[in-house]
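For reference, the structure is listed below as structure tokens.
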Amino acid sequence: MAANEPDYEDIPGTTVFDAKRSRQGYHLNMFCMSLMKAENREAFKRDEKAYLAHWPMTEEQKKAVLERDWNGMLRLGGNIYYTSKLAATDGLTFQNIAAIMTGSTQEQYAKMMLEGGRSPIGNRSKKEAKRG
Amino acid sequence: MARIVGGVSTSHVPAIGAAIDRARTEDPYWKPLFKGYERSKEWLKATKPDVILLVYNDHASAFSLEVIPTFALGCAEEFPIADEGWGPRPVPVVKGHPDLAWHIAQSVILDEFDLTIVNKMEVDHGLTVPLSLLCGQPKEWPCPVIPLCVNVIQYPPPTGHRCYMLGKAIGRAIKSFEQDLRVVVFGTGGMSHQLQGPRAGLINKEFDANFLDKLARDPEQLTRITHVDYLREAGSEGIELVMWLIMRGALDADATEIYRFYHVPASNTAVGHMILENR
């Protein structure tokens, strides 16, 4: 971890939606917000690329959307409450995309939650994990 | 004069709303959860509040990245139900209580808590799921509701300490309102959960149990939990728990715990619930 990085960057598998990411992801998130309207969802589904052309997003962000790279969108400034609107447009729930982001099958993820969820042990700190 | 008779904390998981709306509450997955709220429904019925002040967060429904108020108090006559992408939940429109809401706004602003006053706002599952859990499926909600919407999406949310102190200011404001009203304060969200990234699904039962213990008896200790500790221990979305501290601050220091419920999972989340009463 770089000296001037915020302390939460040490938490593994977690992207904190801070000022930097909010600025980076503004248009990506506002694109997702537009999917709250049924007519926009239809227009997007009709021609995803054409719909995305209206938004001043980076090519990398557009690619992540088209590929439904859910972790990639977070890395590029997306926020989960916004990207979940894209998921809803695809008919996916929070639990569906959570499973995808963790690299599990839907069954594995649902089973993990029924068994009490992911333990914090070993999942608190990157530094700690490195030290082992 | 108005007085706060009780406080309720509860999670506000959207899937709970969907289970209610689709008549799935008897499913084996959901039944234990709804059973945990049966006594709470009886309690609310018996307590007969005249007004509920409900602390929650909006999930990119009423507010987007265009405007991000840290604390927004709903002062309108009514609050329509938001369409969160699947059509609005089939629940009654939320009627406000503008007299008390405006009184609280004026009082806490002069008490140095600079709230945003909102006269037009749709409310999403963050507000309606707690009402459904405590009221069931009535044609009308049992009383007017004052929404207090807190930013917990854009980092940083307000600190737990700030929330607790705002709760105290709200408590003073309510006590200085001249009508005889019985008020119940809800603090919602949490408990431990993470919806995003490779660490999604995090649940921390020990953290949650300690939070519930301290909420009743030693809330000041909870006000010292830092943001990085919430994120690390309770998951990136577990930081919503700061909203419970507004409720706790509004209640008396010696308020009594009368009911507690904890259940894992509801979708990705640990569901926690407590009822407190002022003596």
Side-chain angles (χ1 to χ4, degrees), chain A residues 6-8 10-19 21-23 25-27 29-30 32-38 41 70-71 74-75 78-85 87-89 93-95 97-104 109-110 112-121 123-125, chain B residues 13-15 18 29 57-66 68 82-87 122 124 126 151-157 192-208 226-239 264-270:
Chain A
D7 44 8
Y8 49 73
D10 174 53
I11 304 171
T14 303
T15 310
V16 176
F17 190 64
D18 60 7
R21 297 201 174 96
S22 187
R23 294 175 67 185
Y26 184 83
H27 294 294
N29 290 314
M30 293 307 283
C32 292
M33 190 79 191
S34 76
L35 300 175
M36 295 280 280
K37 289 200 176 119
R41 288 195 290 272
W70 303 101
N71 283 324
L74 299 182
R75 202 166 49 241
N79 173 278
I80 187 64
Y81 289 112
Y82 290 84
T83 57
S84 66
K85 298 180 192 307
T89 303
T93 65
F94 270 112
Q95 190 170 102
I97 52 170
I100 297 168
M101 286 184 284
T102 61
S104 322
Y109 186 85
M112 175 185 80
M113 292 316 300
L114 278 170
E115 287 169 356
R118 182 185 308 284
S119 166
I121 297 166
N123 287 311
R124 288 188 166 98
S125 161
Chain B
V13 184
Y29 182 90
N57 68 283
D58 178 74
H59 304 77
S61 306
F63 300 110
S64 70
L65 295 181
E66 287 179 353
I68 309 171
D83 179 348
E84 299 181 59
W86 305 271
E122 293 186 347
D124 70 11
N151 164 52
V152 294
I153 292 179
Q154 174 69 59
Y155 188 88
S192 60
H193 66 303
Q194 175 151 338
L195 302 176
Q196 51 118 341
R199 204 174 73 134
L202 186 102
I203 299 287
N204 190 336
K205 288 182 184 172
E206 282 175 17
F207 180 94
D208 292 343
T226 63
H227 278 0
V228 72
D229 283 339
Y230 277 113
L231 296 166
R232 206 189 286 284
E233 298 296 328
S236 51
E237 280 63 56
I239 202 164
V264 177
S267 184
N268 302 288
T269 304

What closest approach, in Å, do [X] and [Y] show between heavy atoms, and which atom pair accounts for it?
| X | Y | result |
| --- | --- | --- |
| B:Ile203 | A:Pro120 | O-CD, 3.4 Å |
| B:Arg199 | B:Gly235 | NH2-CA, 3.8 Å |
| A:Ala98 | B:Leu195 | CB-O, 4.2 Å |

Stepwise side-chain hydrogen bond (donor to acceptor under 3.5 Å, both in side chains) test for A:Thr89 and A:Arg41: CA-CA 6 Å; A:Thr89 303; A:Arg41 288 195 290 272; 5.1 Å; no
What part of [X] lies closer than 4.5 angstrom to a heavy atom of chain B: side chain, backbone, both or neither?
| X | result |
| --- | --- |
| A:Asp18 | both |
| A:Met33 | side chain |
| A:Asn79 | side chain |
| A:Arg75 | neither |
| A:Ser119 | backbone |
| A:Leu114 | both |
| A:Ser84 | neither |

Selection from A:Tyr26, A:Trp70, A:Tyr81, A:Phe94 maximising heavy-atom pairs under 4.5 Å formed with chain B: A:Tyr81
Chain B contacts, top residue of A:Gly25, A:Ala88, A:Gly116 (heavy-atom pairs, under 4.5 Å): A:Gly116
Give, as side chain, backbone, both or neither, the part of [X] having an atom under 4.5 angstrom from any heavy atom of chain A.
| X | answer |
| --- | --- |
| B:Tyr29 | side chain |
| B:Glu66 | both |
| B:Thr269 | backbone |

Picking from [options], which has the most non-hydrogen pairs under 4.5 angstrom with chain A?
| options | result |
| --- | --- |
| B:Ser61, B:Pro14, B:Ser192, B:Ala234 | B:Ser61 |
| B:Ala15, B:Gly87, B:Gly201 | B:Gly201 |
| B:Asp83, B:Val264, B:Leu231, B:Ile68 | B:Leu231 |

Side chain proximity check, A:Met101 to A:Ile80, heavy atoms < 4.5 angstrom: yes
B:Tyr230 vs B:Val152 side-chain heavy atoms within contact, under 4.5 Å: no
Residue list, salt bridge (Lys or Arg N to Asp or Glu O under 4.0 Å) with A:Arg124, at least two apart or on another chain: B:Glu233
Test salt bridge (Lys or Arg N to Asp or Glu O under 4.0 Å) applied to B:Arg232 and A:Asp7, step by step: CA-CA 10 Å; B:Arg232 206 189 286 284; A:Asp7 44 8; over 6 Å; no
B:Gln196 side chain to A:Thr15 backbone, donor-acceptor under 3.5 Å: yes
ring-ring contact (aromatic ring centres under 6.0 Å, His included) partners of B:His227, counting only residues at least two apart: B:Tyr155
